[in-house]
Amino acid sequence: MAAHLKKRVYEEFSKVVQQQQEEIATKKLRLTKPSKSAALHIDLCKATSPADALQYLLQFARKPVEAESVEGVVRILLEHYYKENDPSVRLKIASLLGLLSKTAGFSPDCIMDDAINILQNEKSHQVLAQLLDTLLAIGTKLPENQAIQMRLVDVACKHLTDTSHGVRNKCLQLLGNLGSLEKSVTKDGEGLAVRDVQKIIGDYFSDQDPRVRTAAIKAMLQLHERGLKLHQTIYNQACKLLSDDYEQVRSAAVQLIWVVSQLYPESIVPIPSSNEEIRLVDDAFGKICHMVSDGSWVVRVQAAKLLGSMEQVSSHFLEQTLDKKLMSDLRRKRTAHERAKELYSSGEFSSGRKWGDDAPKEEIDTGAVNLIESGACGAFVHGLEDEMYEVRIAAVEALCMLAQSSPSFAEKCLDFLVDMFNDEIEEVRLQSIHTMRKISNNITLREDQLDTVLAVLEDSSRDIREALHELLCCTNVSTKEGIHLALVELLKNLTKYPTDRDSIWKCLKFLGSRHPTLVLPLVPELLSTHPFFDTAEPDMDDPAYIAVLVLIFNAAKTCPTMPALFSDHTFRHYAYLRDSLSHLVPALRLPGRKLVSSAVSANITPHEDPSHQFLQQSLERVYSLQHLDPQGTQELLELTIRDLQRLGELQSELAGVADFSATYLRCQLLLIKALQEKLWNVAAPLYLKQSDLASAAAKQIMEETYKMEFMYSGVENKQVVIIHHMRLQAKALQLIVTARTTRGVDPLFGMCEKFLQEVDFFQRCFIADLPHLQDSFVDKLLDLMPRLMTSKPVEVVKIVQTMLRQSTFLHLPLPEQIHKASATIIEPAGESDNPLRFTSGLVVALDVDATLEHVQDPQSTVKVQVLYPDGQAQMIHPKPADFRNPGPGRHRLITQVYLSHTAWTEPCQVEVRLLLAYNSNSRIPKSPWIEGGEVSSQVETSIEGTIPFSKSVKVYIMPKPARR
Amino acid sequence: VCGVNGRFAWLVEGGAGQDVGRSCILVSIGGKNVMLDCGMHMGFNDDRRFPDFSYITRNGRLTDFLDCVIISHFHLDHCGALPYFSEMVGYDGPIYMTHPTQAICPILLEDYRKIAVDKKGEANFFTSQMIKDCMKKVVAVHLHQTVQVDDELEIKAYYAGHVLGAAMFQIKVGSESVVYTGDYNMTPDRHLGAAWIDKCRPNLLITESTYATTIRDSKRCRERDFLKKVHEAVERGGKVLIPVFALGRAQELCILLETFWERMNLKAPIYFSTGLTEKANHYYKLFITWTNQKIRKTFVQRNMFEFKHIKAFDRAFADNPGPMVVFATPGMLHAGQSLQIFRKWAGNEKNMVIMPGYCVQGTVGHKILSGQRKLEMEGRQVLEVKMQVEYMSFSAHADAKGIMQLVGQAEPENVLLVHGEAKKMEFLKQKIEQEFRVSCYMPANGETVTLPTSPSIPVGISLGLLKREMAQGLLPDAKKPRLLHGTLIMKDSNFRLVSSEQALKELGLAEHQLRFTCRVHLHDPRKEQETAMRVYSHLKSVLKEHCVQHLPDGSVTVESILIQAAAHSEDPGTKVLLVSWTYQDEELGSHLTSLLKKGLPQAAS
């Protein structure tokens, strides 16, 4: 009866809605809310067949429901649920319940009783599973409510015996997500309530359905993720699952074993079929190693990945993974690696020239050979040889991680890594080179290994070569022959791929400075000096010769005896190179020569560094002048800016700071200049022209502040405040200028309002920093804020103008580490005279290769701009995959830009440059009220823009008219 | 019902493993006869080169005896006798092989025929037409496709690596199955993937065991060595000769060199001696799905078998100056182009010859590998070998570890080793038995191995019977066996379990009542009625769960068992109890008699 009444109520209600909608559109908003459930109810009642009802529900599910009306909708749904006979409709309702209970702001505990209730009477397995899913959604929504969690766990346990795998799956999922181990909570009263969730889940490890087994393991992992400590007893159960027939079970089991091994690494487990016992982590390691030769590649990848993170494993086991006892006709055979090592240690350097060189030696005791070991034997050997490159990459990564934690293992795995340099897939090769670089601190390359490594220098892939140069930078070489070999191969590389020049020079720089004593005996040979005769002076422009010199000079830095071996022209070349390639050639202490600047030893702190001191002093000098005559101030500023710029050029490590400060000073200078203009004293209409200068200054200051804010990495909040303050001043200047040049009050009114909003926004964003801004423009402005709010625009402008003129110069605190983002376009070089010809209307791909320094998050900020001669500009967003990260703070952009244009009569140049896109919202410190959505977006809409940060390169192109 | 015995016969086997030897195995499983491979022996030129097919039937027709023939891959030691077998001996049944094998096999057979007939002038050899006719009988199968040979026999192919199109076959009859591996490789190489099989748990796994006692070094070392040697020789300006067999390893080495040339930007020309290779290469390009991950993934951009650096060889090129690499057939330097080139280049120490495989004794290849520097050629010429001689083993068979790995993957009940040397197989057999605890066999040529199997036989049960039996006891428990009463009817290899009534009805038989009667003597001086009363009260107290009744005519019933007391005709002090029960109550009846034989308790008197 009650239901009937309710129905009537809604029916009438909805009628009203429809009439209202037709008549007055404005009232619609208020009335749609209650109608949501009502409309649904009517629809459901109207539905004649289950298919109809399903359609209505589907339609309903497309629109979101407000938190307030959720409960009403839920009631309607439940009511309909009881009446519905068709399981598919019930299923949809159950899924809707789950969706609705996830609505933000709705507390689903009120529908839990109903949900559990309908669960008990449900017969269809699918609907049951869906209902359990709904309960899971409810349970996860209420993580604090212990009672509800207990109840849900009870429900799950009850349905665990269901015959359908879907239901059991969901039950296990529920247990994994909600089950707890905290027994103390409700110990009083019923002991039944406390269930050992782990035991219950563990029982389903042997379920007949593989999906349920997987779900059980996943539930267990979920428990672990939620911070419950798993029992050690699970280990044995999980081990049995490793030989399951189904790959998803095995894959999950491997994970579980890994988890347990991390929890109980030191406990002791017995080895079956013997009396011995080993540590659990070792045992688990062996088992996971075994899975590296599993039949399914998914499991293999999983196993190989997990191996890398098992650092507690004993070294004895670890080393077995690289061991694969070779034999031939039952006789022990040495691996090629062992042979290479032996040859090396015996002083001979050749291999495999004779047939039978690898002839097997000693007999093997047949009983002792274990072909399928339970242990870790050869896991990596197999993993690295795997058919699927995914497995190989995972194995290389695991090797890397293990080698980083164990130097002895690093030494052993070297041979295998070196072998991976010849993999058929480039990704794998690259990965193994990177891995080698990461572990290079722990290793010294043998000559034969170096030989193999260097052979890869001829690879046609630029990535590979550069990764290899990078690797050579931090490799330890053991002999002077090794160095010589490396040099020869690098020079070979240089002749084959001249574009690698910079990378090779850099590589030799590090190679030299790492091995001064090994380079020393090579010097005469490398410089081809002769004890008695003078030799011809080599060509100074030869990149190969420069490469040799870079190696030698860097070695000479820590080897004072070396310069004695130089001939005269070497010293001359040194002087030249020191100047032209200062980043590659260090300062040398040369005997009896004044040429050399006093060498800066590395251990003085930046504050004692004279150049740093100079920087500090010049800045302080500027800041201290507060009340100098305007002329003097301007001169001093100009002087200081020039000094700073030159300093930045000379001292690369100070370039960031110097540039940053110089930019700031330039802003200040512009501001002073603009304020000094005579126009302020004259009536506005007469000086329209001159005001150009002031408005241009304001614009430039704005630009410079954006540069300061977004182009430097390491800018802290302190600086951001100052920058924003400067920008505010620029805006004030703009306001004043426009106020003077425009007639009429109306536009001014809006501008004033906007400006005041900006001030307000500034205050809110940087409220914590305001005390540091005493006596500043904004400080004074804020004092007068109440007055400003009420005054007329003309008044406001006047006040602002005086404020601006009176404001003092803010001290810019220097950040610790600051670097200017910069980019160099390597390719296209812009030297070609041959135009790139293509048919108009079609596209031509232009390879762009650039290095980016100190760019944060280049994937989203760096853009390529192409400027056509007709002024048309095109902005290209490179793909994220086009960015590579060769080292900290450095990025490499290798991409293709598509050019197209209508036909030209002459070839012409287009400009290509890189832009740094910024978004002013990203830098603003997050304050609680911003998150609360209180700040209206119209105040400071995110200002987006771009800053060009590379030199533009000209490309000669020629779109030809299409031939008919 | 006793188990159906699987009969497996290892028919003929060749000599020294490697590429020589005849593979031909006969399997009888569940009453079906299957021939696995039909290989020839390279070493013989007489009758011994083909298997002795008369062994199979003595003098019946092969087609009647064999249900099908399966060829694992296109190597001649696995398919070389096929035209002889099907056309000359006579077999018209189906021959199964994979698509690449079907495509490449006739090329090799034709080549083989040409050498045998045209070059060596042999008579009584199969003709080109025979090869064509033979190939018409072939049914091609896809990987993992289950092919129904007939109603009961089904076969399924798995990837085996080794060469293009090589497959392992699962042969299944009812619940019994055999897996035959053919030749396989568990480590992937440059053009093929690794063999793979699911956990099919066959009754028997027949595996090759060429490298039963070898564990090979990682293939990367081998590859690297090979590439380094070639690269060094070419950089020196030398010429490199690589004698190969036309198919299989040759393609792997081509891919290896091709990618290396590509990577390293090398310019020296690589040549491949023409001939059947070109045809075969065409198929390699086609059957991309059978190759390894790398080739499969990149063929959209470029088919790896469309070589950029490898060109066809012309005789005149051998005298060209400058470095070059030449692949030439045959692989053992015993004749043909490879030998010609070798003679041209042997004198220069800059040059190099790389032997990528095994060489049979007596060939030039074997001689130079064993270090001989002066070779006597025909016409008493002496050839001095100054060029470098290298040996690289590129073999595509599974090593001992690989075999173990495959056994571990398939989880068979028994393992049978073939295609290897007895001494080496002994070692592997011991290992397999030790590690997997399964029995392992290694029959000699012509030996037959019989394996008893215990197949599970499905029996149909009527729902009525099942429900009736269910109602009597508790719910069924999957882990415990249950006792069930019924009648098993076997009718045209079809088993059914029905209730006895229905069985009687179906068979048109009348039911026979079977009654047991037993007399028990009791010493009891009282009257018969009283004795009966005493028996009643005793049984009532003992058999609590049964229904014990005392009927008005003085007899006692326990369920359906009747007990009557009568005075002994001679001795009035002794009463005779007549106990009678039907066959169905045998259990209770015998219990009752034993109970009564113990006598009645005296306490009552």
Side-chain angles (χ1 to χ4, degrees), chain A residues 208 243 245 293-296 324-331 333-337 340 351-358 360 364 366-367 369-372 378 381-382 384-390 415-416 418-426 429 451-452 455-456 458-461 464 496-497, chain B residues 187-188 190 193-194 196-199 211 213-225 227-229 231 255-256 259-260 262-266 292-294 297 355 368-371 388-393 400-401 403-405 407-409 423-424 427-428 430-432 434-436 478:
Chain A
Q208 56 169 347
S243 51
D245 283 9
S293 48
D294 190 86
S296 146
K324 185 181 170 189
K325 295 225 162 31
L326 301 192
M327 58 175 192
S328 171
D329 289 355
L330 286 181
R331 278 178 299 171
K333 209 171 125 177
R334 286 163 311 139
T335 62
H337 292 149
S351 85
R353 285 283 145 76
K354 289 178 300 228
W355 147 251
D357 172 37
D358 58 348
I364 286 180
T366 49
V369 183
N370 232 359
L371 286 181
I372 282 223
V381 181
H382 286 293
L384 293 176
E385 268 183 37
D386 200 275
E387 183 185 0
M388 312 298 285
Y389 85 95
E390 292 90 342
D415 279 322
F416 293 90
V418 169
D419 281 350
M420 293 307 285
F421 284 15
N422 283 321
D423 195 272
E424 52 194 343
I425 306 247
E426 187 177 319
R429 296 202 293 269
D451 197 37
T452 324
V456 187
E458 289 192 45
D459 202 299
S460 59
S461 154
I464 296 270
K496 203 162 177 181
Y497 306 99
Chain B
T187 43
R190 287 284 170 153
W196 180 86
I197 195 162
D198 56 14
K199 258 187 208 178
Y211 286 103
T213 54
T214 303
I215 300 175
R216 255 181 286 128
D217 201 352
S218 99
K219 60 161 184 156
R220 296 192 181 280
C221 294
R222 271 176 285 153
E223 285 175 3
R224 197 191 59 209
D225 270 10
L227 292 173
K228 202 170 137 192
K229 280 170 189 166
H231 191 189
I255 289 264
L256 194 58
T259 44
F260 188 72
E262 182 93 21
R263 260 180 64 198
M264 298 301 183
N265 242 336
L266 298 179
N292 72 3
Q293 191 194 20
K294 157 92 175 170
K297 291 232 159 126
M355 308 297 298
I368 56 170
L369 278 181
S370 46
Q388 285 179 44
V389 179
E390 302 282 0
Y391 171 75
M392 298 256 79
S393 157
K401 258 195 138 163
I403 296 170
M404 297 296 276
Q405 212 179 326
V407 174
Q409 270 184 19
K423 211 184 105 206
K424 297 180 178 178
F427 164 78
L428 192 66
Q430 182 200 336
K431 282 291 151 202
I432 290 174
Q434 194 181 323
E435 294 283 339
F436 297 107

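Numbers restart at 1 for each chain; the letters A, B, ... are given by sequence-line order, proteins then strands.
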A.B. asks: Can you name the closest pair of heavy atoms from A:Asp423 and B:Arg263 and give their distance?
C.D. replies: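 In terms of heavy atoms, the two residues are closest at O-NH1, 4.2 Å.
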A.B. asks: Identify the two heavy atoms, one from B:Gly193 and one from A:Glu387, that lie closest to each other, and give their separation to 0.1 Å.
C.D. replies: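 Minimum heavy-atom separation between B:Gly193 and A:Glu387: CA-OE2, 3.1 Å.
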A.B. asks: If I compare all heavy atoms of B:Gln409 with all of A:Gly295, which pair ends up nearest, and what's the gap?
C.D. replies: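 Where B:Gln409 meets A:Gly295 most closely, the heavy atoms are NE2-CA, 3.7 Å.
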A.B. asks: Determine the minimum heavy-atom distance between A:Lys496 and B:Leu266, stating which atoms define it.
C.D. replies: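 Scanning both residues, the minimum pair turns out to be NZ-CD2, 4.0 Å.
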A.B. asks: Any idea which heavy atoms bring A:Met388 and B:Gln293 closest together, and the distance?
C.D. replies: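 Minimum heavy-atom contact is CA-OE1, 3.2 Å.
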A.B. asks: Using heavy-atom distances under 4.5 Å, tell me whether A:Tyr497 contacts chain B through its side chain, its backbone, both, or neither.
C.D. replies: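 It is the side chain, since no backbone atom gets that close.
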A.B. asks: Checking A:Asp386 against chain B: side chain, backbone, both or neither under 4.5 Å from a heavy atom?
C.D. replies: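 The backbone, not the side chain.
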A.B. asks: Specify which of A:Ser243, A:Ser461, A:Ser460 makes the most heavy-atom pairs with chain B at under 4.5 Å.
C.D. replies: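 If we count pairs closer than 4.5 Å to chain B, A:Ser460 comes out on top.
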A.B. asks: Looking at CD of A:Glu424 and CD1 of B:Ile255, how far apart are the two atoms once the value is rounded to the nearest 0.5 Å?
C.D. replies: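 If we round to the nearest 0.5 Å, A:Glu424:CD and B:Ile255:CD1 are 9.0 Å apart.
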A.B. asks: The criterion is ring-ring contact (aromatic ring centres under 6.0 Å, His included); which residues satisfy it with A:Tyr389, sequence neighbours excluded?
C.D. replies: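 With sequence neighbours excluded, A:Tyr389 shows a ring-ring contact (aromatic ring centres under 6.0 Å, His included) to no residue whatsoever.
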A.B. asks: Take B:Arg224 and A:Thr452 through the side-chain contact (heavy atoms from CB on, under 4.5 Å) test and state the conclusion after the steps.
C.D. replies: CA-CA 8 Å; B:Arg224 197 191 59 209; A:Thr452 324; 3.0 Å; yes
A.B. asks: Identify the two heavy atoms, one from A:Ile425 and one from B:Lys294, that lie closest to each other, and give their separation to 0.1 Å.
C.D. replies: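 Taking every non-hydrogen atom into account, CD1-CD, 3.8 Å.
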